[in-house]
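One structure is given below, encoded as structure tokens.
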Amino acid sequence: MPFSTIVPEKKKIKRKAPRAFLKRTVKQQKPHLRLEKNGDLLIHLNCLLFIHRLAEESKINACENKCGLIKREHVLAAAKVILKKSRG
């Protein structure tokens with residue numbers, strides 16, 4: 001008799017961007033800067049994309065060095081590459 005697996009329904013996790021924190025931080029750093037209504041969300045998404053790219057590039061660097069762990073050197077090398085690409 002085959003085993004049947006019951007897969008529980010996934011609960012939707014509502015993760016919201018820390019909008020108040022982002023607005024406050026931007027105002028502290030650049031008080032003269034005026035943001036659009038959803039400008040803080042664009043900043044948050046940009047940060048998430050950067051972190052994702054950094055993680056992917058670090059993983060590639062670790063694999064090239066035949067290392068099982070992502071070390072500080074891998075992250076620093078990846079950061080240099082990503083920042084060079086994004087200078088536009």
For residues 42-64, dump all side-chain donor-acceptor pairs below 3.5 Å to protein atoms at least two apart in sequence or in another chain.
unit_1 : atom_1 : unit_2 : atom_2 : d
S58    : OG     : L54    : O      : 2.7
N61    : ND2    : H74    : O      : 3.3

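- With rounding to the nearest 0.5 angstrom, the CZ atom of R19 is 10.0 Å from the NZ atom of K16.
- Closest of all the heavy-atom pairs between D40 and L22 is O-CD1, 3.4 Å.
- A single hydrophobic cluster is not seen to contain both V26 and L41; linkage of ILVMFWY side chains at heavy-atom distances under 4.5 Å, directly or through other members, places them apart.
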*Could you go through the side chain to side chain contact (heavy atoms under 4.5 Å, CB included) check for K84 and K80 one step at a time?*
CA-CA 6 Å; K84 257 187 197 176; K80 285 180 183 177; 6.0 Å; no

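- Under the 4.5 Å side-chain heavy-atom criterion for ILVMFWY residues, a single connected hydrophobic cluster contains both I70 and I82.
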